[in-house]
2 protein chains.
Amino acid sequence: MATKKQTLQTKRRALSSAGLRMTRQRALILDIISQGHEHLDADEVYRLARERKPSLSLSTVYRNLQTLKKLGLVKELHFDESHHHYEAKPSAEHHHLICLGCGKIVEVECGLSHKMRQEIAREKGFEVTGVEVHMTGYCAKCRQKGK
Amino acid sequence: MATKKQTLQTKRRALSSAGLRMTRQRALILDIISQGHEHLDADEVYRLARERKPSLSLSTVYRNLQTLKKLGLVKELHFDESHHHYEAKPSAEHHHLICLGCGKIVEVECGLSHKMRQEIAREKGFEVTGVEVHMTGYCAKCRQKGK
DNA sequence: ATGGCTGCAAAAGTTTTGCACTTCT
DNA sequence: AGAAGTGCAAAACTTTTGCAGCCAT
């Protein structure tokens with residue numbers, strides 16, 4: 001199971017070809033974001049990272065999130081809050097359902113968004129590079145509780 | 001053309017039934033947001049409003065945007081920025097295309113998002129109350145310039 | 001009149017930046 | 001060696017809040 005080391009190599013190459021370096025801090029941040037717990041905000045990344053490297057500074061987290069976003073290794077999400085959330089760039093495009101009752105965020109894959117993308121590209125002459133879909137509502141659990 | 005006065009009445013009723021009042025400031029803010037220039041952020045609303053009522057305070061703008069959002073008269077958008085944007089709640093659901101070249105924001109109506117909504121509701125047991133779709137890319141003009 | 005609303009000022013929260021020093025490559 | 005990256009502290013921005021007085025109903 002050399003998977004983790006392999007993806008690190010892939011990422012190192014991605015960085016390198018942009019003249020960027022793989023520092024300990026950057027690797028740590030990348031690792032945390034790739035770790036599975038998604039939709040972290042900058043501060044959550046910071047706190048998790050400090051568990052492993054207490055000297056890390058918050059500005060480094062912000063700077064790296066920017067860098068990794070530009071590089072396309074990390075995706076920035078804009079939920080209904082005054083700060084951003086981040087997730088590892090997923091292999092398959094997926095979108096987010098946000099429960100207004102319990103705050104839970106569910107990911108959904110949706111074949112339709114691809115079609116939507118094409119339709120809009122054609123209709124407006126746009127070259128679409130990214131799609132972000134957020135739906136808000138109430139999850140099954142909260143619907144029962146509420147009524 | 002009593003349209004404007006009519007919609008103001010409608011809004012006054014919406015407020016009233018929630019125990020809220022139609023103040024001069026609130027009417028002003030509503031008017032600015034309904035005015036057509038959309039996707040304003042709080043500060044832009046503030047600046048436009050002050051042209052007509054210089055004593056208005058920024059906190060009042062923020063408080064009213066919150067109130068009107070809860071009431072459903074105004075919609076909050078979350079673009080790729082560290083602050084929010086607002087638009088009048090539209091009659092027809094529409095979504096946003098953001099050009100990464102020139103920053104222009106284009107609105108699109110999209111029949112597919114309705115279908116997407118249903119599909120997801122069924123699949124995940126969610127009751128969907130709102131959908132926000134953002135696409136980023138390059139508009140026709142920027143595509144030509146770029147290449 | 002009374003409860004919502006406003007303006008002001010201050011606080012809280014998020015993100016960026018300048019600078020001297022360190023560390024990858 | 002040299003450019004990119006880091007930590008720290010301070011600044012810049014966005015948004016929220018407490019409070020005394022005001023105003024719509």
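As the structure is a computational prediction, the values presented were derived from the model and not from experiment. In the text below, chain A, chain B and the rest are named by the order of the sequence lines, each starting its count at 1.
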Any donor-acceptor N/O pair, A:His84 side chain to B:Asp80 backbone, under 3.5 Å: no

Interatomic distance, A:Lys53 NZ vs D:dG5 C1' [rounded to whole Å]: 11 Å

Minimum-distance nucleotide (side-chain atoms of B:Ser59 versus D:dT17, D:dG7, D:dT15): D:dT17

Ionic contact status for A:Asp41 with A:Arg47, cut-off 4.0 Å: no

Candidate nucleotides C:dG4, C:dT6, C:dT23, ranked by approach to the side chain of B:Asn64 - the nearest: C:dT6

A:Arg26, nearest nucleotide to its side chain (from D:dT15, D:dT6, C:dT23): D:dT6

Ion pair A:Glu76/A:Lys70, N-O distance below 4.0 Å: no

Nearest-Å distance for atom pair CG/P, residues B:Leu58 and D:dT16: 10 Å

Which nucleotide in D:dT6, C:dG7, D:dT15 has an atom nearest any side-chain atom of B:Gln25: C:dG7

Pair A:Glu107 + B:Lys124, salt bridge at N-O below 4.0 Å: no

Closest to side chain of B:Thr23, choosing from C:dC24, C:dT15, C:dC5: C:dC5

Side chain B:Thr60 and base C:dC5 donor-acceptor under 3.5 Å: no

A:Lys70 NZ - C:dT16 C1' separation (whole Å): 12 Å

Rounded interatomic separation in angstrom, taking CE from B:Met22 and C1' from C:dG3: 18 Å

Any donor-acceptor N/O pair under 3.5 Å between C:dG4 base and B:Arg63 side chain: no

Angle between terminal axes - the helix from C:dA1-D:dT25 to C:dT25-D:dA1, 5 pairs each end, rounded to 10°: 40°

